[in-house]
Every structure is written in structure tokens, then in C-alpha cells.
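Single-structure report; data block below.
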Amino acid sequence: GSVLVYPGASGSPKTYANPDQYYYDFGAYDSHGNLFFDGQDGNGNFMLSELAAGAGSAQTIEVSGGTIYFPGMVQWVGSLLVVGDQSCSNQNSTCIYQLSVSKSVATVEGLFALLNSTGGQVCDMAQGVVVGQRILGSDNDYCGYAASATYSWDYPQGGGTSIFNAKTDSAPVGAAL
């Protein structure tokens with residue numbers, strides 16, 4: 001895999017890769033033009049990478065203070081990198097990590113779970129988005145204990161949802177604003 005960057009949002013893309021990364025999933029830019037993205041190595045282990053502004057290739061960012069098992073959303077919120085884990089604690093559940101990044105290390109500063117409308121753990125939120133004091137996303141609940149739905153949770157604490165829509169969602173995957 002690789003990351004395609006369209007300079008000026010048009011024309012032909014430039015291709016970038018981390019030589020240690022095999023699968024590429026979600027990404028986000030910081031305020032300095034550095035691109036952070038997650039994925040997996042060839043053995044299926046979670047990877048976090050950074051393509052520094054102006055660099056020709058990406059480097060691996062070590063995650064310290066916790067274990068992320070399966071790639072999920074990536075977004076900068078203030079000074080923290082928010083990264084989702086679609087296999088939180090190596091289970092069928094989603095949680096959100098808040099990471100501080102310094103050089104080539106991302107340190108876990110916070111971790112919270114997301115609960116569905118019945119109070120159970122959200123099974124599979126692939127891509128969410130933080131907007132102000134809310135995190136929005138959809139749970140493609142293949143675990144079978146709640147209907148697939150789109151939710152709104154308090155950010156940064158997560159937990160139970162106050163707003164959800166389960167009437168029209170059949171296989172929700174992403175969210176963007």
C-alpha cells in the first residue's frame with residue numbers, strides 16, 4: 001500500500017510509503033502539514049506512521065503506554081492525536097486513544113470506550129470525527145447485540161450516547177465533516 005497526496009488538491013498524486021507498513025487505513029494532517037496515518041505491517045500488527053511535511057517517505061511512530069490492535073479513525077484535536085482502535089483490548093469493541101506525539105513516539109494520554117444505545121460496547125466504529133465537544137460515528141455492529149446505528153458521544157469522555165439513529169443505517173462505515 002501507499003498514501004497518495006494530491007498537491008493543490010488536483011492533478012496527479014504523489015505516492016508515499018513507510019517501508020515497514022503494508023496496509024494503510026486512516027489519516028489526518030496536523031497544523032504543520034505533517035500527515036499521520038495508521039494501518040498494519042505485513043504480520044497484521046498495528047502501525048502508526050508520519051509523513052513529515054516535505055519528506056520523501058514516512059517513518060514509524062512507536063505507540064507507548066498502551067496497545068492499539070486494529071486501525072481506526074485518525075484526527076488531530078488540539079495538541080492530541082485521536083486514534084480509534086476497532087479491536088479494543090483485542091476484543092470486538094471500539095475505543096478511542098488520545099496520544100501526544102513527540103518526535104517518533106506517541107504516548108497514550110487518554111483512553112475511553114464508546115457505548116451503544118443499549119449500554120453495550122460499540123462493536124465496530126471504523127471512522128469517526130470529533131466536532132467540538134462531540135464525537136460522531138457509526139457502529140457497523142456485526143457483533144449482533146445492537147442494531148447498526150450512527151451515534152453522537154460526549155468528547156473527550158465517550159461512554160454512553162445521547163443521540164443515535166438506527167432507523168436508516170444498514171452498514172455504516174465512515175463519517176466526515
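Note that this is a predicted model, so its numbers are computed, not measured.
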Quick one: which residue pairs count as a side chain to side chain donor-acceptor pair (under 3.5 Å) with a foot in residues 103-114, not counting sequence neighbours? Ser100-Glu109

The complete set of side chain to side chain donor-acceptor pair (under 3.5 Å) pairs with one or both residues in residues 64-82, sequence neighbours excluded, reads none

Who pairs with Asn34 by side-chain hydrogen bond (donor to acceptor under 3.5 Å, both in side chains), at least two apart in sequence or on another chain? Asp30

Could you work out, with side-chain hydrogen bond (donor to acceptor under 3.5 Å, both in side chains) as the rule, every residue matching Gln40, not counting sequence neighbours? none

I need the minimum non-hydrogen distance between [X] and [Y], along with the two atoms involved.
{"X": "Asp25", "Y": "Gly39", "answer": "OD2-CA, 3.4 Å"}
{"X": "Gln86", "Y": "Thr94", "answer": "CA-OG1, 3.9 Å"}
{"X": "Gly1", "Y": "Ala17", "answer": "O-CB, 4.2 Å"}
{"X": "Ser138", "Y": "Thr150", "answer": "OG-OG1, 2.6 Å"}
{"X": "Ala58", "Y": "Ser49", "answer": "CB-CB, 4.3 Å"}

Are side-chain heavy atoms of [X] and [Y] found at a separation under 4.5 Å?
{"X": "Leu114", "Y": "Gln121", "result": "no"}
{"X": "Asp41", "Y": "Asp20", "result": "no"}
{"X": "Val5", "Y": "Tyr29", "result": "yes"}
{"X": "Tyr155", "Y": "Val82", "result": "yes"}
{"X": "Val108", "Y": "Leu99", "result": "yes"}

Out of curiosity, does [Y] fall in the hydrophobic cluster containing [X] (side-chain heavy atoms, cut-off under 4.5 Å, transitive links)?
{"X": "Val63", "Y": "Val83", "value": "yes"}
{"X": "Ile61", "Y": "Met47", "value": "no"}
{"X": "Leu80", "Y": "Trp153", "value": "no"}
{"X": "Leu35", "Y": "Leu81", "value": "no"}
{"X": "Val130", "Y": "Phe26", "value": "no"}

Residues passing the ring-ring contact (aromatic ring centres under 6.0 Å, His included) test with Phe37, sequence neighbours excluded, are Tyr24

So does Asn18 get a backbone contact from the side chain of Ser57, meaning a donor-acceptor N/O pair under 3.5 Å? no

Would you say the side-chain atoms of Asp38 pair up with the backbone N or O of Phe46, donor to acceptor, closer than 3.5 Å? no

Gap separating the [atom1] atom of [X] from the [atom2] atom of [Y], nearest 0.5 angstrom:
{"X": "Asp85", "Y": "Gln91", "atom1": "CG", "atom2": "CD", "answer": "11.0 Å"}
{"X": "Asn92", "Y": "Phe70", "atom1": "CG", "atom2": "CZ", "answer": "11.0 Å"}
{"X": "Leu48", "Y": "Ile68", "atom1": "CG", "atom2": "CD1", "answer": "7.0 Å"}

Over 12 non-hydrogen atoms of neighbours within 6.0 angstrom of CZ in Phe112: yes

From CA spacing to verdict: side-chain contact (heavy atoms from CB on, under 4.5 Å), Met73, Ile96: CA-CA 8 Å; Met73 68 177 285; Ile96 305 296; 3.9 Å; yes

Determine, step by step, whether Asp139 and Asp124 satisfy the side-chain contact (heavy atoms from CB on, under 4.5 Å) criterion, reporting the C-alpha distance in whole Å, the side-chain angles of both residues, the deciding distance to 0.1 Å, and the verdict. CA-CA 5 Å; Asp139 181 15; Asp124 188 24; 4.1 Å; yes

Taking disulfide bond (SG atoms under 2.5 Å apart) as the cut-off, I'd like each qualifying pair that reaches into residues 74-119, sequence neighbours left out, listed once. Cys88-Cys95

